[in-house]
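Below: one structure, written as structure tokens.
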Amino acid sequence: MQLKSYYESLTDGTLKFQFLTSDNYIIESCVVFFWEKSSPINICVSSQVGCECSCSFCVTGYKRFVRNLSSSEIEKQVALIFEHSPHLRQYQFEITYMGTGEPLLNKENVFSSARSFSNNYLLLTRINVSSIFPNINITPDDILTVDKPVHFQYSLHFVSDDLRLKYFRKRLVPISAVLNKLNQLHDIAGTSFCLNYILFDQINDQSQDAKALIELICGLPTYIKISKYCPISFSNLKTSSNFEKFTQVLDLGGVHWKAFESKGTDIHAACGHLLSDIQF
Ligand code: SF4
């Protein structure tokens, strides 16, 4: 695998790297900086060429699935990023499986690469696995064999299984079963988790949605990461203008939430925008 192209956002400094695999496919990784929160830098890696899922709000969901990436191809993304931009080596960083592909559909190679990252990078502080949960075949051993903390980001986005089926365009594990599983992994293996919730105009951004969300996570050791939708040309979904009202309801319900802002929109590095200018 080799580096093909490199982009730098003029608005927030986000970096995007395009790599060419040995069989001539393009995959992408990003480096995102959250200087304003003094957080570690975030290296977002891909786990598949294309994606087996077809989420309606994600560009990759409209591309065809080609294959899983091997563990060494996942590891190579980070190695090539540091080789190209050695100044990044001085920072603490997190690795996030949130590039193209659904990590839990390539679980063996994702966790194998996570073990390797944990063993090889002293400044790595955490591994994040972002998933829509097409399965819940994760064992405590998967987690306990990784030396760094593992954090799951559950891409929930809708509070009912029916709405999830409509917009993820794939039958997924029911919400209650995923939350049970994450809670179990938290108790047995010490994993932390949060729920990602993108606000879509008139679809999931009303007070009743916020109230349903409060009920869903009642008593769970988690928080909600709320983000605004960055529209893609393939979809009719729109950005919500109800952020303040929605989060006020969460505040009244005593729910812990954080705002998350997608970065690198000018270089197609924002969440759901990877591979925007690539055909396959
Ligand atoms: S959101 Fe994730 S799982 Fe869904 S199509 Fe995009 S890359 Fe695949």
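For clarity, every value in this text was computed on a predicted model and none was experimentally measured. We count ligands from 1, going down the list as the structure has it; atoms in each ligand are counted the same way.
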Whether over 12 other heavy atoms sit under 6.0 Å from [X] [atom1]:
{"X": "Gln208", "atom1": "CD", "result": "yes"}
{"X": "Lys181", "atom1": "NZ", "result": "yes"}
{"X": "Lys211", "atom1": "NZ", "result": "no"}

Next on the checklist: Any non-hydrogen side-chain atom of Ile27 less than 4.5 Å from a side-chain atom of Met1?
Outcome noted: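 Result yes, sub-4.5 Å side-chain heavy-atom pair found.
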
Next on the checklist: Is there a side-chain contact between Leu3 and Glu83 in this structure, where contact means two heavy atoms from C-beta onward sitting under 4.5 Å apart?
Outcome noted: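 A side-chain contact under 4.5 Å is absent here.
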
Item to check | Distance-only polar pair, side chains of Ser113 and Tyr97, donor-acceptor under 3.5 Å | outcome: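 Indeed, the side chains of Ser113 and Tyr97 share at least one donor-acceptor pair under 3.5 Å.
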
Next on the checklist: Under 2.8 Å from atom 8 (Fe) of ligand 1, which protein N, O or S atoms do you find? Ignore water molecules.
Outcome noted: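 Counting only protein N, O or S atoms under 2.8 Å from atom 8 (Fe) of ligand 1, the list reads Cys51 SG.
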
